[in-house]
Chemist: 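A single structure is presented below for examination.
Quick note on labels: first sequence line is chain A, next is B, and so on, each numbered from 1.
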Amino acid sequence: MRNQQIGDIFNEMADIMEIIGEDHFRINTYRKVARVIHDCPQDVSELAGREELRSLPGIGESSAKKIDEFVQHGTVQAHEKLLKKIPPKLLDLLKIPGFGPKGVAAVWKKLNVENIADLQRAIDDQSLEELPGFGAKKAEALAHGIKFLESAQGRILLIYAVGIAEAVVGQLRQRIAGLKRIELAGSLRRCRETIGDIDLLAEADDEELARHIVETFTRIDGVQEVILAGETKASVRFTDPNVCSDVVQVDLRVVPSKSTGAAWQYFTGSKYHNVRLREIAVKKKFKLNEYGLFRGEKQLAGKTEQDVYKKLGLAYIPPTMREDRGEVELAQKNKLPAVVEQKDIRGDLHMHTPASDGRNTLEELVAMAKMLGYQYIAITDHSQSSAIANGLDIERLLKHIKKIKVLNEQYDDITILASSEVDILMDGSMDYPDEVLAQLDFVIGSVHSGLTGPEEKCTARVIRAMKNPYVNCIGHPTGRLIGTREPMKLDMNAVIAAAVETHTALEINAHPQRLDLKDIHVRQAIEDGVKLIINTDAHDVAGLQLMRYGVATAQRGWATSSDILNCQPLDAIRAWRVEGGEL
DNA sequence: GCCGTTTTCGGCCCGACTGTTTTCAGTCG
């Protein structure tokens, strides 16, 4: 999969073109191409040379040729030419907050600054402040920016961002008596798997209150630094050690109630989704901004998001779908899929007890599952090869199955399936013999070791497991840990085709560090008719409550409840499992 | 460079904040 690499080339070309001052519409096009490539579930290097590549939205003849060229030669001439026009480390300067292409071009041309060390020297010897358009304050801000860059952390996991946002909102509610409404926005609301900064939106109908909210925000506990603060908007760097050790940028915007919907829509993004909406507005001779949808001076919509979409002639688009991945077109035709919701989930088919590496008893898990309103759960302790996870040998497993069946008899309002998360061994065989697997109500096959092998080997391994008639589902298919462990190299086309052929479900593991399958693969899988299961893989009762992250990932992949096995009644799952029939 | 139920040529989203400015450019989201 070379999409990351190819997309990065287009972004780098755009960066260089900005510095040397080329047409910015062309630059935007390159950035869009980069985004389309990054979002594409198919390996674009496999689409190269075929018409399919040119049919991707935003990719025209010229971009397709560059992609073909990369696949054939490993380089793109246009890219190489651009690289020759700038010093090799110049692009590092763009990473400094507050320093953009115009500034970089100025210091390079006028002061021969070619990298961050050069810039630091220009700040130190005060030659920077002599430059037209620069000054002492700008120099100071850049010095600060360089320091920040040296200590900068990357994006944080969604669940930490949720924790931090809740901490900030909690403090604001406590400190501001007149605070009526405050909402989460940005990538946090869209439930991207990682979050760069946290966006909040507050409502205030008088300017006094708006100022008070902004000012209070800059003074709450945990603020490390105020980046900017105006009348209606402020940005801070914030940390809360109760959530995580990272320092995160939090942006707050305050708008009047007549604009709350438009502002919430705007600050939820994505940027590209918003651009699409504004283009539609322009075509209708309207104007869309964070204050509302306007015809001339007249506000047509703004109080609610629903109004804004409606007046634009669009069906309401759920936040998790707002990525400009085709949802706007479907909303225009009123053909959006009704994506799965938390309330559709009827059970959780992946969790662990102390029999292997879980922390809560069977009874405690059942109690929590009942509280969550589930009709069924599957107990899926590890198999014998997972020694670190205290996996069960056959003898222990058989006893465990008995215990679960006895327990199941005690409940008439929930069904407990005796199951197992069985290791897929290196050669693709299963960690228990078939006659043992046959005794389980449900079987998840998972890869837990040897994830670093070559693609053909990993793919063949998983597909062999799928071909075992007792395996119902592949758990966390790629094995990735976001930000920590790379996904296993899988030919996702082949895995999806095998899932259809062998009638095996794929898991959407809801754990915030996994989210595996991820959104674009979810979409690819359901397009080909694969059934998915959203599971928490809980190791304690708190883990059972992380289902929402899996649901959000399913929504981001446009899955409806009919795509998700554990949105169906247990009888339907049993029939699906045994007969291989349709749901 | 891409795209088209107003266009195959002429468009391509919008506003807050900051700093260096006598009216605005750059950056960010």
Side-chain angles (χ1 to χ4, degrees), chain A residues 10 13-14 17-19 21-36 54-67 78 93-107 128-142 144-145 185-188 190 195-201 210 214 226-235 249-255 259 262-263 265-294 312-313 324 328-329 332-333:
Chain A
F10 279 89
M13 285 195 282
M17 287 157 69
E18 276 202 293
I19 291 171
E22 292 207 22
D23 173 49
H24 76 273
F25 293 113
R26 222 172 118 208
I27 292 166
N28 276 346
T29 302
Y30 278 52
R31 295 216 186 275
K32 175 163 187 188
V33 171
R35 186 166 55 88
V36 169
R54 283 148 183 84
S55 70
L56 291 174
I59 297 192
E61 199 52 39
S62 168
S63 301
K65 271 198 184 129
K66 291 183 177 73
I67 297 168
L93 295 172
L94 287 176
K95 295 184 194 135
I96 302 169
F99 208 32
K102 293 291 193 309
V104 172
V107 298
L128 186 79
E129 13 187 311
E130 305 299 317
L131 215 55
F134 288 75
K137 279 195 172 172
K138 188 81 190 166
E140 196 189 325
L142 288 180
H144 185 74
S187 53
L188 180 54
R190 304 200 310 279
I195 306 296
D197 51 36
I198 292 169
D199 296 297
L200 301 174
L201 175 72
V214 170
V226 177
I227 301 167
L228 59 86
E231 300 271 300
T232 63
K233 167 179 168 173
S235 297
Q249 181 171 332
V250 185
D251 300 335
L252 172 73
R253 186 74 186 268
V254 187
V255 296
S259 297
Q265 193 289 314
Y266 170 62
F267 289 112
T268 297
S270 72
K271 183 181 168 185
Y272 301 101
H273 176 87
N274 289 350
V275 168
R276 297 302 311 282
L277 263 48
R278 288 175 177 196
E279 284 170 357
I280 290 170
V282 168
K283 282 202 181 109
K284 291 180 184 288
K285 311 272 187 217
F286 298 162
K287 183 173 73 171
L288 177 63
N289 58 29
E290 61 262 54
Y291 300 108
L293 181 67
F294 297 90
L312 284 171
D324 186 28
V328 176
E329 288 79 355
Q332 280 179 307
K333 297 181 212 152

Chemist: Is the CD atom of A/E140 crowded by more than 12 outside heavy atoms at less than 6.0 Å?
Modeler: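 Not buried by this count: 12 neighbours or fewer within 6.0 Å.
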
Chemist: Starting from C1' on B/dT5, measure out to CD on A/Q332 and report it in whole angstrom.
Modeler: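 Nearest whole value for this atom pair: 11 Å.
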
Chemist: B/dG1 phosphate, OP1 or OP2: any side-chain N/O from A/S63 under 4.0 angstrom?
Modeler: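 Answer no for this pair, as no side-chain N or O of A/S63 is under 4.0 Å from OP1 or OP2.
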
Chemist: Hey, which of these two, A/G133 or A/G100, hits DNA chain B nearer its 5' end, going by closest nucleotide?
Modeler: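 It is A/G133 whose nearest nucleotide is closer to the 5' end.
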
Chemist: With rounding to whole Å, what would you report as the distance between B/dG11 and B/dT7 at their C1' atoms?
Modeler: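 Looking at atom C1' only, B/dG11 and B/dT7 are 9 Å apart.
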
Chemist: Could you check whether A/A263 gets within reach of a base, just the sugar-phosphate, or nothing at all, counting any heavy atom under 4.0 Å?
Modeler: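 Nothing, no nucleic acid heavy atom in range.
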
Chemist: What's the gap between B/dG26 and B/dT21 when it is taken at their P atoms, as a whole Å value?
Modeler: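 It works out to 12 Å between them.
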
Chemist: What is the distance from CZ of A/F267 to P of B/dA16, rounded to the nearest Å?
Modeler: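 Distance check: A/F267 CZ to B/dA16 P gives 9 Å.
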
Chemist: Which nucleotide wins on minimum distance to the side chain of A/K66, given the candidates B/dG1, B/dC17, B/dC14?
Modeler: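 Of the candidates, B/dG1 comes closest.
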
Chemist: Would you kindly give the NE2-to-P distance between A/H24 and B/dC28, to the nearest whole Å?
Modeler: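 Taking NE2 of A/H24 and P of B/dC28, I get 16 Å after rounding.
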
Chemist: Calculate the interatomic distance between A/R253 atom CZ and B/dC14 atom P; express it in whole Å.
Modeler: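 The distance from CZ of A/R253 to P of B/dC14 comes to 15 Å, rounded to the nearest Å.
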
Chemist: Any ion pair linking A/D324 and A/K271 (charged N to carboxylate O, less than 4.0 Å)?
Modeler: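 Looking at A/D324 together with A/K271, the answer is no, because their closest N to O distance does not fall below 4.0 Å.
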
Chemist: Taking only the C1' atom of each, what is the distance from B/dT20 to B/dA25 in whole angstrom?
Modeler: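 After rounding to an integer number of Å, I get 9 Å for this pair.
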
Chemist: Using the C1' atom on both, measure B/dA16 against B/dG10 and round to a whole Å.
Modeler: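 Those two atoms are separated by 30 Å.
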
Chemist: For the side chain of A/S62, counting heavy atoms from C-beta on, which of B/dC2, B/dT20, B/dC12 is nearest?
Modeler: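 The listed nucleotide nearest to A/S62's side chain is B/dC2.
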
Chemist: Taking any heavy-atom pair under 4.0 Å as a contact, classify A/D197: base, sugar-phosphate, or nothing.
Modeler: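 Here A/D197 touches the backbone only, sparing every base.
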
Chemist: Kindly write out the residues that satisfy side-chain hydrogen bond (donor to acceptor under 3.5 Å, both in side chains) with A/Y272, not counting sequence neighbours, or none if the list is empty.
Modeler: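 For A/Y272, no residue satisfies side-chain hydrogen bond (donor to acceptor under 3.5 Å, both in side chains) once neighbours in sequence are set aside.
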
Chemist: When the P atoms of B/dC13 and B/dT18 are compared, how many Å lie between them, rounded to an integer?
Modeler: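 To the nearest whole Å, 26 Å.
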
Chemist: Paired with B/dG11 by Watson-Crick or G-U wobble geometry, both distances under 3.5 Å: which nucleotide is it?
Modeler: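 The base-pairing partner of B/dG11, which may sit in any strand shown, is B/dC2.
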
Chemist: Within the structure provided, determine whether A/V255 and A/T232 are in side-chain contact (heavy-atom separation under 4.5 Å).
Modeler: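 No, too far: nothing below the 4.5 Å cut-off.
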
Chemist: Using a 3.5 Å distance criterion without hydrogens, assess whether the side chain of A/S259 forms a donor-acceptor pair with backbone atoms of A/A262.
Modeler: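 Here the side-chain-to-backbone pair does not exist.
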
Chemist: How far, in whole Å, is B/dT8 from B/dC14 if one measures between their P atoms?
Modeler: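 Looking at atom P only, B/dC14 and B/dT8 are 23 Å apart.
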
Chemist: Does B/dG29 have its OP1 or OP2 closer than 4.0 Å to a side-chain nitrogen or oxygen of A/S270?
Modeler: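 Negative; the distance criterion is not met.
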
Chemist: Between A/E329 and A/K333, is the closest basic N to carboxylate O distance under 4.0 Å?
Modeler: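 Result for this pair is no, no salt bridge flagged.
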
Chemist: From the options B/dG19, B/dG1, B/dG15, select the nucleotide whose nearest atom is closest to the side chain of A/Y291.
Modeler: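 Minimum distance to the A/Y291 side chain belongs to B/dG15.
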
Chemist: Side chain of A/V275 only, heavy atoms from C-beta on: which candidate in B/dC13, B/dT27, B/dC2 is closest?
Modeler: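 It is B/dC13.
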
Chemist: In whole Å, measure the gap between the P atoms of B/dC12 and B/dT6 for me.
Modeler: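 It comes out at 16 Å once rounded to the nearest Å.
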
Chemist: Between A/D199 and A/D251, is there a donor-acceptor pair closer than 3.5 Å when you use the side chain of the first and the backbone of the second?
Modeler: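 No, the answer is negative, given that no donor and acceptor are paired below the 3.5 Å cut-off.
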
Chemist: Measuring from the side chain of A/T29 (C-beta onward, heavy atoms only), which nucleotide among B/dG1, B/dT27, B/dG19 has the closest atom?
Modeler: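 Minimum distance to the A/T29 side chain belongs to B/dG1.
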
Chemist: Measure from CZ on A/R278 to P on B/dG11 and round the result to the nearest Å.
Modeler: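 Going from CZ in A/R278 over to P in B/dG11 covers 21 Å.
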
Chemist: Tell me which of A/A141 and A/N289 sits closer to the 5' end of DNA chain B, going by the nucleotide each one is nearest to.
Modeler: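 It is A/N289 whose nearest nucleotide is closer to the 5' end.
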
Chemist: Determine, for A/R31 against A/E18, whether the closest basic-nitrogen to carboxylate-oxygen distance falls under 4.0 angstrom.
Modeler: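 Yes, A/R31 and A/E18 are salt-bridged.
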
Chemist: Who passes salt bridge (Lys or Arg N to Asp or Glu O under 4.0 Å) against A/R54, sequence neighbours left out?
Modeler: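 Partners of A/R54 under the salt bridge (Lys or Arg N to Asp or Glu O under 4.0 Å) test: A/E61, A/D68.
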
Chemist: In whole Å, what is the span from the CG atom of A/L277 to the P atom of B/dC12?
Modeler: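 About 17 Å, once rounded to whole Å.
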
Chemist: Sort me out a list of protein N/O and nucleotides 6-8 of chain B N/O pairs below 3.5 Å, or just none if empty.
Modeler:
unit_1	atom_1	unit_2	atom_2	d
B/dT6	O4	A/K285	NZ	3.0

Chemist: Consider the side chain of A/F25, meaning its heavy atoms from C-beta on, and name the nucleotide among B/dG1, B/dG29, B/dC17 that approaches it most closely.
Modeler: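 Per side-chain heavy atoms of A/F25, the pick is B/dG1.
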
Chemist: Please report the distance, rounded to the nearest Å, between CD in A/E22 and P in B/dG1.
Modeler: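 Rounded to the whole Å, the gap is 9 Å.
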
Chemist: Can you find an N or O donor on one side and an acceptor on the other, under 3.5 Å apart, linking the side chain of A/Y266 with the base of B/dG29?
Modeler: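 Side chain to base: pair present.
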
Chemist: Would you mind classifying the nucleic acid contact of A/G186 as base, sugar-phosphate or nothing, using non-hydrogen atoms under 4.0 angstrom?
Modeler: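 Nothing: the residue A/G186, judged by heavy atoms under 4.0 Å, touches no strand.
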
Chemist: Figure out the CD/P separation between A/E290 and B/dG29, and round it to whole Å.
Modeler: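 It is 15 Å, rounded to the nearest whole Å.
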
